[in-house]
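A quick note: this is a predicted structure, and the numbers were derived from the prediction, not measured. In what follows, every chain begins at residue 1, and chains take the letters A, B, ... in the order their sequences are listed.
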Number of protein chains: 2
Amino acid sequence: MNAIAPSHLSARSRHPSSSIPHPLQRLDAVAIISSCGPRQELCREGQPASTIYRVIAGAALRSVIRPDGRRQVVDLLFPGDFFGLTAGADYDNTVESAARGTIVAGYPRKRAEAQADSDPKFARELRQIAFDELSRLQAQLLILGRVTVPEKVGSFIVAVAHRLSPGCGDRVTLPISRYDIADYLAVSAETVSRSLSELQRRGVIRLTGTRVLQILDREALEEHDHHDWLSSLPSRRAPSQLPPASCASTPSRTASAN
Amino acid sequence: MNAIAPSHLSARSRHPSSSIPHPLQRLDAVAIISSCGPRQELCREGQPASTIYRVIAGAALRSVIRPDGRRQVVDLLFPGDFFGLTAGADYDNTVESAARGTIVAGYPRKRAEAQADSDPKFARELRQIAFDELSRLQAQLLILGRVTVPEKVGSFIVAVAHRLSPGCGDRVTLPISRYDIADYLAVSAETVSRSLSELQRRGVIRLTGTRVLQILDREALEEHDHHDWLSSLPSRRAPSQLPPASCASTPSRTASAN
DNA sequence: CGAGTGGTTGAAATCCGTCAAGAATAGTGG
DNA sequence: CCACTATTCTTGACGGATTTCAACCACTCG
């Protein structure tokens, strides 16, 4: 049952640790707080998913290993993010801590699901956790969809800044290594490094430390790659306007595929 | 309320259309079936998300338009897939039909959420819909994470084959155009075309029609890109074995970040 | 039959991954 | 506290892959 109980984790306690509100707060009393080292496995693919985790401090990576040995980071988990909530009985991916001083809280899944069945509000909170994950995955899809690597790195920086210090501040501290960033962006670590240097050379960011940087031109980071796109001509790639009003209110042909 | 009621859709009826079981079946009685033309907008980003949709036939694309005019397809929707279930009050993305003869069912969101609050089983089904979408998004992340375009196209073909005709069959009918595939894989349409040709030249697939192909070597499609990866040496990129047992059962240092 | 969409293929420039070496940082032990 | 070492990070050079621009076919629809 508790087969995957994090026997390899430690510093367990039952102190609710954080006082900020969060979806599974009602279960804080039974939460298990674990503090873990730099590159520690928090849950492994294929093992029974008996625990839902929430990151309290630090950062964690959800990743898969490809048959060719390449690692792909599927989700980047910061304080407040949940992981381990799956549809099936087992974990889909491996999650490992990416930073020192990473702390997670573990909630018993059975308890959560039982609570959801009796408490509609709690059920909505559980749904919210899934929505949050959808949001993160979609954000990453948009990053991976960018064309050049400097663009990817730029969007990544903006995303991290937004998630770590919402709204305020130009200063960003990257919580993971270049290699982790590379596996997250599906590019090589060297190119990540080069892109950071190039962004600095362009005056878009300023590297004040290996993992600390300052955003100088947020506009340029988020958007274009210094291409001028004054050409707003609706290329066939961007059918912003779909077939205008032609078939808008008229009955579209009843599918020929019926 | 029904502000986004698909006035531009048509052929509405209240016949439950399909008899196969699905999560929102309990609401089939109030479902609105719509049949739509080739490139018709089903819901638009920013509009109030008052309807949850299910694809009955055909295919649909959930996409965003980048500031540079490029379109990115975020989700590919086949029969059985739901869309429009959001966390917030408005739709996050635009969804358009990608094939002729696409049919969708619309379920009132308010009804669904109300039902979920009073029926735990229904709440689980709603959660399942979110999990399914998570599953699709993650699958796409893995495709986008592949290195070469032939690999991306190969995984795409396998994924489509798996979703359209589970298990059986070598024959696949691509339900969307090359341009849609390109925007889904975040590559140029020309390269998609070239990759298909190359895969055929390699004897991995056989194009029997512009959108119909036959899988000849499923193994090669899913896996490597004819690179020999007999080198199973655990490069630093693939820490399959994390710090072995060193800190496995011993208390990891209590985070210095406390 | 002509127009338009969708699809394929070619050639050139660019971008990125790989290999390789060097620099900086952090962690360890004395 | 310092030196030592391993890791992480940066930069260079080269070859291959992809994008872009362009032209050319196939098919469908009116």
Of the listed nucleotides ([options]), which one gets closest to any side-chain atom of [X]?
| X | options | answer |
| --- | --- | --- |
| A/P150 | C/dC16, C/dT8, D/dC9 | C/dC16 |
| A/V149 | C/dC16, C/dT18, C/dT9 | C/dC16 |
| A/T148 | D/dT10, C/dC16, D/dT20 | C/dC16 |
| A/R100 | D/dT20, C/dG27, D/dT8 | C/dG27 |
| A/T191 | D/dT19, D/dA22, C/dG17 | C/dG17 |
| A/E190 | D/dT19, D/dC9, C/dC19 | C/dC19 |
| A/S188 | D/dT19, C/dT18, C/dT9 | C/dT18 |

*Under the 3.5 Å rule, do the base of C/dT18 and the side chain of A/R70 count as making a donor-acceptor pair?*
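No such pair is found, so the answer is no.
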*Is A/R194 side chain donor-acceptor paired with the C/dT18 base, going by distance under 3.5 Å alone?*
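Per atom types, the contact qualifies.
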*Establish, with yes or no, whether the OP1 or OP2 oxygen of D/dC9 is under 4.0 angstrom from a side-chain nitrogen or oxygen of A/T210.*
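It does not, given that no N or O in the side chain of A/T210 lies less than 4.0 Å from OP1 or OP2 of D/dC9.
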*Gap separating the CG atom of A/N93 from the OG atom of A/S63, nearest 0.5 angstrom*: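 Between atom CG of A/N93 and atom OG of A/S63 there are 7.5 Å.
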_Nearest-angstrom distance from the residue atom CZ of A/R39 to C1' of D/dA6_ =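 Rounded to the whole Å, the gap is 15 Å.
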*asked:* Rounded to whole Å, how long is the line connecting atom CG of A/L207 with atom C1' of C/dA24?
replied: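 Taking CG of A/L207 and C1' of C/dA24, I get 13 Å after rounding.
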*Would B/R136 and B/R163 count as a side-chain contact (heavy atoms from CB on, under 4.5 Å) if you check the C-alpha gap in whole Å, the side-chain angles of each, and the deciding distance to 0.1 Å?*
CA-CA 10 Å; B/R136 290 199 303 271; B/R163 285 176 62 187; 3.2 Å; yes
*Knowing that exactly one of B/R71, B/R178, B/Q72 qualifies, which makes a side-chain hydrogen bond (donor to acceptor under 3.5 Å, both in side chains) with B/D183?*
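Checked B/R71, B/R178, B/Q72 against B/D183; only one passes side-chain hydrogen bond (donor to acceptor under 3.5 Å, both in side chains): B/R71.
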*Fit a plane to each ring of A/Y53 and A/Y91, take the angle between them on a 0 to 90° scale, and name the class: parallel (under 30°), tilted (30 to 60°) or perpendicular (over 60°).*
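Judged by the thresholds at 30° and 60°, the geometry between A/Y53 and A/Y91 is tilted.
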